[in-house]
Amino acid sequence: MPTAREALLRSALAALADLPWSAIRMVDVASGAGVSRQTLYNEFGSKDGLARALMRREADRYLHGVERLLGERADAADRLVAVAEWTVGEARARPLLRALLTGCWGEWLPAPPPARAATATSAVPAQRRADAGPPGTADLVALVRDRSAAALRQDSRDPGPRGAGPRDPGPRRDHSQGDHSPRDPGRRDHGQRDHDRDELLYRCELAVRLALAHLIAPGAESVGPLVRTAVTAPLRAPLRAPLSAPSPRAGAR
């Protein structure tokens with residue numbers, strides 16, 4: 001049986017399927033959940049608090065799904081493809097998730113309300129987390145990229161029963177122009193580790209961004225083949241860094 005908080009969140013999402021956020025009344029959300037309006041206000045504080053909680057719930061559900069897929073797939077490229085395809089499918093079915101991933105809110109959905117002031121903290125722990133504000137698009141991209149890279153790195157260190165495929169998402173960069181690494185083996189190994197880390201982050205982020213591009217501008221086919229090509233093709237250009245830096249907000253989420 002769902003808690004009162006979960007019942008209220010489900011009721012609000014159901015109402016949002018039929019009405020724009022501006023037309024949704026708190027009394028109707030409470031009635032749909034079978035609880036009093038006072039219970040609703042005790043949980044969320046206000047309609048803005050309910051909006052923040054809905055966004056936090058959607059982001060958490062999405063990230064849990066990403067982690068489940070990363071844990072199920074043995075081959076690195078297969079897992080990145082699975083996450084990309086699932087991201088597109090889930091975002092098409094869940095308008096609030098789509099808005100979180102793309103930043104395109106429109107008039108039907110609740111626009112992300114500002115984070116609640118620290119002087120007005122909720123007594124409900126889950127609401128305090130929600131009141132910190134929803135993760136932005138850049139935060140979600142960084143979170144999926146970093147969790148993907150962490151899962152693939154862990155597999156490269158742990159040759160367990162999932163080792164049915166290549167651990168690396170793609171071939172190494174083409175070094176046909178010669179070895180320009182330092183002469184000292186220790187420095188060379190350290191430099192190679194840094195390069196491998198940056199390449200993995202680059203490929204993981206590329207997979208996420210291709211999924212978001214496919215979500216906004218759908219192609220005739222699934223995004224899977226495009227992602228597979230992108231994450232397995234050799235990188236011939238010098239790799240300086242991932243596509244974007246770590247989000248300053250992502251580490252705490």
Side-chain angles (χ1 to χ4, degrees), residues 59 62-63 65-67 69-88 101-103 135-160 162-215 223-253:
Y62 170 65
L63 292 171
V66 167
E67 291 181 341
L69 289 169
L70 290 170
E72 288 179 356
R73 300 285 176 159
D75 179 82
D78 280 351
R79 276 182 279 177
L80 294 180
V81 167
V83 169
E85 291 181 329
W86 182 80
T87 293
V88 172
L101 287 170
T102 63
T137 298
D139 294 322
L140 285 171
V141 169
L143 282 164
V144 176
R145 177 200 64 199
D146 293 347
R147 292 182 188 196
S148 299
L152 300 183
R153 279 197 300 264
Q154 178 62 36
D155 277 3
S156 71
R157 293 191 293 265
D158 178 19
R162 292 190 299 174
R167 302 295 186 182
D168 190 77
R172 303 292 184 196
R173 182 166 60 89
D174 186 359
H175 294 287
S176 58
Q177 300 302 316
D179 182 7
H180 301 290
S181 56
R183 292 180 179 277
D184 178 65
R187 292 178 59 192
R188 183 169 62 248
D189 291 345
H190 181 73
Q192 184 62 49
R193 286 195 299 270
D194 287 346
H195 176 271
D196 290 348
R197 179 202 62 211
D198 289 346
E199 180 176 337
L200 182 58
L201 287 169
Y202 183 93
R203 291 183 187 277
C204 290
E205 183 167 345
L206 188 57
V208 181
R209 292 191 177 276
L210 285 172
L212 299 188
H214 194 83
L215 179 61
V223 72
L226 184 62
V227 170
R228 186 176 299 278
T229 298
V231 302
T232 57
L235 296 178
R236 298 187 181 277
L239 184 64
R240 293 183 175 86
L243 293 172
S244 63
S247 166
R249 299 176 62 191
R253 298 191 183 278

Between Arg145 (side chain) and Cys204 (backbone), is there a donor-acceptor pair under 3.5 Å?
no
I'd like to check Val144 versus Ser148 (side-chain heavy atoms, cut-off strictly below 4.5 Å). Are they in contact?
yes
Val208 and Thr87, any side-chain heavy atoms less than 4.5 Å apart
no
Work out which heavy atom in Ala230 is nearest to a heavy atom in Leu206; give both atom names and the distance.
CB-CD2, 3.7 Å
Closest approach of Ala207 and Ala84, non-hydrogen atoms and distance?
O-CB, 4.0 Å
With distance as the sole test, does Arg203 use its side chain to make a donor-acceptor pair with the main-chain N or O of Ala77 at under 3.5 Å?
no
Heavy-atom side-chain contact between Asp146 and Leu201 under 4.5 Å
yes
Run through Val88, Leu210, Val83 and flag the one making a side-chain contact (heavy atoms from CB on, under 4.5 Å) with Val227.
Leu210
With side-chain contact (heavy atoms from CB on, under 4.5 Å) as the criterion, how do Arg147 and Leu63 come out once you've worked through the C-alpha distance, each side chain's angles and the decisive distance to 0.1 Å?
CA-CA 9 Å; Arg147 292 182 188 196; Leu63 292 171; 3.6 Å; yes
Distance check, rounded to the nearest 0.5 Å: Asp196 atom CG versus Arg153 atom CZ?
10.5 Å
CG of Asp75 to CG of Leu152: how many Å apart, nearest 0.5 Å?
9.5 Å
Can you measure from CD (Gln154) to CG (Leu70) and round to the nearest 0.5 angstrom?
12.5 Å
For Tyr62 and Leu101, the nearest pair of non-hydrogen atoms, with its separation, is CE2-CD2, 3.9 Å
Value rounded to 0.5 Å, distance of CG in Leu200 from CG in Leu80:
8.0 Å
Side-chain contact, heavy-atom cut-off 4.5 Å: Arg79 with Leu69?
no
